[in-house]
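This report concerns only the one structure given below.
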Amino acid sequence: MNNAGIAFEVRDLTKHFGPNEPLILDGLNLSVRNGELVSILGASGCGKSTLLNILSDLDSASSGSLVVNEKTTLIFQEQSLMPWLSAGKNIELALLINKYPKKLRRKRAQELLELVHLGSAYDKRPHELSGGMKQRVAIARALAQEKKILLMDEPFAALDAITRDFLHEELISIWQRTGITIIFVTHNVREAVRLGQRVLLMSSKPGRFLKEWVVDIPEPRRIDSPAVSQLARVITDDLREEISRHG
Amino acid sequence: MNNAGIAFEVRDLTKHFGPNEPLILDGLNLSVRNGELVSILGASGCGKSTLLNILSDLDSASSGSLVVNEKTTLIFQEQSLMPWLSAGKNIELALLINKYPKKLRRKRAQELLELVHLGSAYDKRPHELSGGMKQRVAIARALAQEKKILLMDEPFAALDAITRDFLHEELISIWQRTGITIIFVTHNVREAVRLGQRVLLMSSKPGRFLKEWVVDIPEPRRIDSPAVSQLARVITDDLREEISRHG
Amino acid sequence: MDNSNIDLSKFSAGLDALESGTSRKRNKFASLLNFVAPVLAVILVILIWQIAVYLKFKPDYILPTPSQVWASLQNQWNQGLLWHSATNSLRRGVQGFLIAIVIATPIGLALGLNKMARAIFRPILTGLQQLPSVAWVPASIIWFGLSNATIYAVVLLGAVPSIANGLISGIDQIPRIYLKVGKVLGAKRLVSIRHIVLPAAWPGYLSGLEQGWAFAWRSLMAAELIAVSPALGPGLGQMLDTGRQLGDMSLVLAAIFVIMLVGVLIERVFFAPIRNRTLRNRGLG
Amino acid sequence: MDNSNIDLSKFSAGLDALESGTSRKRNKFASLLNFVAPVLAVILVILIWQIAVYLKFKPDYILPTPSQVWASLQNQWNQGLLWHSATNSLRRGVQGFLIAIVIATPIGLALGLNKMARAIFRPILTGLQQLPSVAWVPASIIWFGLSNATIYAVVLLGAVPSIANGLISGIDQIPRIYLKVGKVLGAKRLVSIRHIVLPAAWPGYLSGLEQGWAFAWRSLMAAELIAVSPALGPGLGQMLDTGRQLGDMSLVLAAIFVIMLVGVLIERVFFAPIRNRTLRNRGLG
Amino acid sequence: ASKSPKPKKPKIVKLATSDVVRIGFFSNVTHAPALVAQERKFFEKYLDKDKTKIEYIAFNAGPAAIEALKGGALDVTYIGPNPSISGFASTRGTLLKIISGSTSNGAQLVVREGINSVADFAGKKIASPQLGNTQDVALRSWLASNGFKTSINGVGDVTVIPTENSQTLALFQRGDIDGAWLPEPWASRLVLEAKAKVFLDEKTLWPNSKFLTTNIIASSTFLAKYPGTVKSILKGHLDSLDFINKNTVMAKDDVQKQITKWSGKPLADNVINRSWLNLGFSYEPLAATLSKSADDAVDAGLLTNLGSKGLSGIYDLALLNQILKEGKKKSVTSDGLGKE
Ligand SMILES: Nc1ncnc2c1ncn2[C@@H]1O[C@H](COP(=O)(O)OP(=O)(O)OP(=O)(O)O)[C@@H](O)[C@H]1O
Ligand SMILES: Nc1ncnc2c1ncn2[C@@H]1O[C@H](COP(=O)(O)OP(=O)(O)OP(=O)(O)O)[C@@H](O)[C@H]1O
Ligand SMILES: [Mg+2]
Ligand SMILES: [Mg+2]
């Protein structure tokens with residue numbers, strides 16, 4: 001089930017928040033194979049987070065069908081650390097819930113914090129962390145769960161270019177090593193191209209997938225390589241066109 | 001006082017959170033003239049938000065001197081809309097506090113929402129807005145205050161490239177029209193170059209200003225222009241060096 | 001979730017608390033439920049009670065039948081006492097509570113926002129909250145004699161500390177970002193209180209108000225025992241006490257029933273809508 | 001702020017509530033203040049009282065002097081009644097309160113997390129909260145006789161609804177993101193309650209507990225009036241009532257003083273540290 | 001029948017005794033016989049202490065004592081006539097029996113200076129201890145017999161304000177009320193501490209100048225099951241009455257000691273002295289006065305649950321009369337309201 005088959009499939013999915021509200025998602029179709037890394041781009045407010053919420057069963061679709069074959073986890077766009085737990089304990093909570101052996105938890109949490117360059121932040125409370133640090137703890141927490149599908153909602157938005165580069169490499173290495181499926185929502189077109197095997201462009205009002213690019217630039221890709229830049233430029237033009245359609 | 005003189009000046013500023021905590025900011029010096037637009041770059045957790053908090057009197061420095069000659073406002077890095085008010089009312093609250101005539105408030109709030117492409121979101125509650133939409137409402141709220149110094153903490157981080165481009169232009173146009181002073185913290189090096197008259201690079205552990213670039217690319221600049229790209233590349237290299245010093 | 005086909009038209013029922021509550025249909029159902037369910041609860045209670053009576057579990061002077069209690073109620077009604085007592089108590093309770101809010105709110109704000117004031121006066125406030133209403137009766141009588149002022153004094157001393165403490169802890173729980181926004185927006189003291197502190201503390205304050213109402217209402221029941229006099233008029237507390245004095249359990253239960261009823265009514269008519277609206281508005285419904 | 005030179009070593013005093021509270025020095029000062037200030041408050045009260053006495057504002061059978069009250073206290077002490085009553089009441093209050101927490105918490109959780117259960121049972125809970133403790137006395141005596149069980153029953157019926165309602169409103173106020181995180185982490189019912197719902201609702205729950213303690217303590221004072229026997233022992237409620245029965249204002253005030261003192265002590269020793277730690281941990285201190 | 005005042009045991013053995021007996025009382029001067037009996041261990045004298053343990057329970061008010069009786073937590077208690085009647089009526093006569101009298105008289109109508117004649121009462125406010133209790137009923141019927149209208153909610157030619165005795169003192173001192181019909185020690189306290197004057201002593205309204213203030217009741221089941229124990233208690237009670245009537249000074253002292261023991265504070269000396277003068281201590285059940293006050297209460301609409309049988313069966317004076325006969329004393333009557 002790891003190497004072949006469908007991780008999840010969405011067919012004709014629609015979503016509106018209340019009967020008299022407009023459709024946010026309308027007839028959305030998406031099929032992702034196990035082990036794929038798919039980037040999703042789209043205008044602000046087009047429904048990316050809504051889609052991820054539905055995929056992780058936090059919200060229900062209004063109609064359509066959804067098959068999810070693997071356990072999912074989600075890195076939220078907003079601040080999502082538990083304020084009553086330190087950074088390390090936030091990660092340990094994820095380990096605990098996923099039945100990680102009690103004795104090894106602390107060590108594992110520390111490892112994960114080091115992975116996101118926060119080795120010394122174990123005992124810091126969320127309110128003592130900077131925006132980017134919180135985001136990185138959330139990433140570490142998601143990785144702690146070792147779910148087969150990882151949904152990431154603009155996870156690197158608050159990180160500087162260098163830390164982001166570094167985490168790109170870590171993410172790709174984890175992905176290659178474990179064969180998990182990753183859906184990566186971002187506003188950074190280069191980032192989408194840097195990471196994705198496919199890049200999907202979402203339209204807004206209503207949200208559905210407009211276009212898809214298969215990225216066949218071999219790893220190790222570099223975000224500032226000409227190949228990435230070039231594809232990014234093409235996609236940006238499409239994005240601009242799509243957004244200007246709506247004003 | 002608008003055209004000449006110092007907007008604010010920081011000298012030998014240090015900051016630590018508690019007596020046994022390490023210095024976050026150490027001997028930081030910065031002087032900004034009225035009407036300047038300064039971009040600040042720095043690694044995640046280096047102390048950018050802390051500096052902006054001190055400049056807006058939300059936090060106190062541990063030592064050093066600080067002179068602020070104009071009224072400031074701040075766009076927070078985190079979600080900062082009042083959850084009990086709709087998007088429009090959040091902006092009206094800023095107008096109310098700043099004694100904007102009662103009758104004109106609603107109209108003005110609507111104008112500001114349209115400025116950030118959210119003309120139809122007046123009645124939406126914060127929890128009904130997407131991440132990028134919330135950020136844009138916060139920008140509109142800051143603009144509503146018409147303060148002389150505008151401190152922006154990664155205001156466009158959750159926005160797609162196109163909306164961001166558009167807001168860059170709006171911001172520059174407001175800045176040129178009103179002559180306000182803007183401090184713009186970002187992780188996007190190109191964005192820093194696109195907007196700033198000066199770009200400052202902050203070091204981490206402890207935070208202080210390492211380097212400064214004067215950007216003399218004439219407006220209208222384009223974020224994907226070769227000039228911007230080139231300077232961005234230079235700065236990125238410096239940033240990488242700085243960050244790698246600390247691991 | 002492995003290999004499972006998630007049915008989208010339904011939402012997993014287990015995580016009710018998580019729902020975003022945006023669906024109107026669900027809301028309609030919920031509000032219907034909110035009105036039908038309490039009735040269900042009452043029917044349930046009466047059923048269990050009637051069964052206990054049938055089982056002759058305790059003699060009827062200890063556990064009267066529903067119909068005996070009903071007869072007691074009717075009897076009180078016929079004497080004109082029930083309506084008079086209930087409306088009297090309700091009026092006093094509501095008035096006392098409103099006065100308590102007016103007094104408690106500035107106190108709560110002052111102690112909530114000023115650390116020094118809090119350090120000095122909160123222990124007094126907490127101390128006052130610990131005192132049973134009956135402790136106030138002698139002093140109130142000495143000060144205010146046989147007037148409604150005595151009753152209000154007892155009610156206020158019961159409710160004010162509770163409401164003020166509720167507001168203080170509401171203020172304590174305000175996420176700091178809202179206060180920071182207020183400062184950055186340039187809000188002065190009063191504007192900040194009106195437009196930022198109070199709305200931000202509102203959910204916690206509201207739950208303090210509900211507790212405060214219970215304190216007020218219970219204190220009132222104690223205060224109404226002070227005397228039977230034309231200046232005071234009858235009340236539900238008096239009715240309860242009469243039942244006790246006469247050893248008349250069906251009258252005691254009738255009084256308990258009416259006291260609960262009025263209390264629940266206040267909750268339904270006054271607090272529940274405010275609470276639901278507050279939660280819904282903030283995306284917590 | 002125009003042209004002003006901000007002095008960095010001080011923080012504008014007006015916005016206390018905004019402070020991040022990370023400075024140890026400030027904390028030490030604060031904890032000193034927390035212990036000195038209540039004493040200050042008491043001195044203040046006694047001072048005003050003494051002045052009122054000097055002004056011969058009211059005759060001394062109405063407003064006894066501090067020294068008369070002190071004499072009453074000493075007298076009770078010499079009888080061995082004061083210590084006995086205070087420890088008796090404190091033990092009962094604390095035990096009753098702890099039992100109430102154990103009973104109320106699952107109820108609060110069930111009604112907080114399940115909309116259907118809440119719709120049906122919350123009105124009953126709220127109704128119970130509205131009832132004065134004295135309403136429970138006849139039933140409790142008849143059920144449990146003249147034993148401590150009767151007293152605990154009255155205390156529980158006073159405190160349980162309040163604590164449960166506090167927990168429910170704490171749960172209502174949980175920001176939805178934490179519940180979502182719990183679900184995304186894959187937390188099952190119990191784990192989610194233990195590690196997410198309870199800690200997230202904790203600030204609101206804690207303030208419910210404080211209100212619940214006040215209810216428990218006040219109910220206890222009422223319950224202690226039932227009777228005195230070797231099986232029951234004296235209590236502070238009894239002491240207060242003796243003062244009332246004798247029309248002895250200095251004994252009444254002495255009892256009030258001790259009742260407040262014990263209440264404040266509980267707040268200082270038990271609630272205040274927990275509350276402060278909670279707020280500090282979450283960056284709300 | 002025995003010759004010496006100290007009884008011999010043979011007769012007691014025949015009647016069943018309980019392991020423990022729970023005796024209720026108020027720590028109040030009107031319950032003096034209970035207090036003196038405790039101080040002097042009169043009950044213990046007749047109860048074999050290896051067989052029967054005594055538990056004393058102090059109540060603050062009648063309802064709790066009746067509730068305790070209903071809950072089976074109390075066997076015998078000193079109590080006023082009103083709770084006795086309501087306890088009897090509310091259980092349709094099944095709960096309790098009055099087995100002896102204890103205290104009589106001691107209620108007075110005290111008023112402020114300036115009220116000198118019956119006519120002066122017009123428009124005045126007069127307090128009574130509690131709606132429907134003996135004094136409340138007496139006050140209302142006295143006012144009625146003098147042509148004043150009153151009503152339960154107070155409105156009338158004279159306003160009757162039932163309020164707790166301790167509050168009455170404060171209200172009188174404040175000037176909120178003009179007089180009160182009160183039992184001891186409150187009548188004395190108003191006179192001594194608030195300069196009230198006695199307008200009327202209630203006993204003058206009763207035949208033989210005697211009315212019931214306190215009696216002893218026993219739970220019907222306990223009485224039926226353990227008549228031996230009840231009889232011993234009654235013997236102790238009679239000893240106590242005897243002692244009180246012969247040794248006033250010592251008895252007063254005993255009462256003060258017990259009041260202090262139970263509530264931490266004695267009565268003022270002048271209050272107990274004056275109260276004592278107004279009270280009578282006797283085993284006489286004064287059944288006629290009980291039924292009269294019940295009738296008055298029914299008339300005033302204050303006793304609603306008294307069935308058609310009225311109070312008949314409320315008395316069981318058989319044991320008391322046995323003891324009186326053993327002591328060659330005149331037996332007492334229940335005035336047709338029960339066993340004699
Ligand atoms: N609870 C809600 N009630 C009503 N409308 C909502 C709700 N949640 C989201 N929306 C609307 O749905 C649309 C999509 O929101 P979503 O958060 O999915 O956008 P997004 O693509 O993630 O945007 P961003 O890039 O800015 O995060 C927005 O227009 C938003 O206003
Ligand atoms: N209240 C606090 N208590 C203790 N440490 C704090 C506190 N607030 C911030 N810090 C620490 O100060 C440092 C700087 O934080 P700051 O938020 O200023 O970073 P930043 O430059 O804005 O980072 P980012 O780009 O990730 O937002 C961090 O190491 C953080 O852990
Ligand atoms: Mg989003
Ligand atoms: Mg920051």
By a 4.5 Å heavy-atom criterion (distance strictly below it), what part of [X] contacts chain C: side chain, backbone, both, or neither?
X	value
D/V197	neither
D/P175	backbone
D/V262	neither
D/F271	neither
D/I142	both

Heavy-atom cut-off 4.5 Å, strictly under: side chain, backbone, both or neither for [X] against chain D?
X	result
C/V45	side chain
C/L131	both
C/L125	neither
C/S133	both
C/L40	side chain
C/A222	neither

Do you know which two heavy atoms are closest between [X] and [Y], and how far apart they sit?
X	Y	result
D/M260	C/G127	CG-O, 3.4 Å
C/Q211	D/G208	NE2-CA, 4.4 Å
D/M249	C/P138	SD-CB, 4.0 Å
D/Q173	C/P203	NE2-O, 3.3 Å
C/V264	D/P123	CG2-O, 3.3 Å
C/P132	D/I259	CD-CG2, 4.2 Å

Reported CZ-to-CZ distance for the pair C/R176 and D/R282, which is rounded to 0.5 angstrom: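 If I round to the nearest 0.5 Å, the distance is 13.0 Å.
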Enter the distance from C/I256:CD1 to D/L128:CG here, rounded to the nearest 0.5 Å.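 Result: 9.5 Å between the selected atoms.
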In the structure I gave you, are the side-chain heavy atoms of [X] and [Y] within less than 4.5 Å of one another anywhere?
X	Y	answer
D/L44	C/F121	yes
D/Q130	C/M221	no
C/S169	D/L206	no
C/E210	D/N165	no

What side chain to side chain donor-acceptor pair (under 3.5 Å) pairs are there with at least one residue in residues 255-267 of chain C, not counting sequence neighbours?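 Listed once each, the pairs are C/E267-C/R275.
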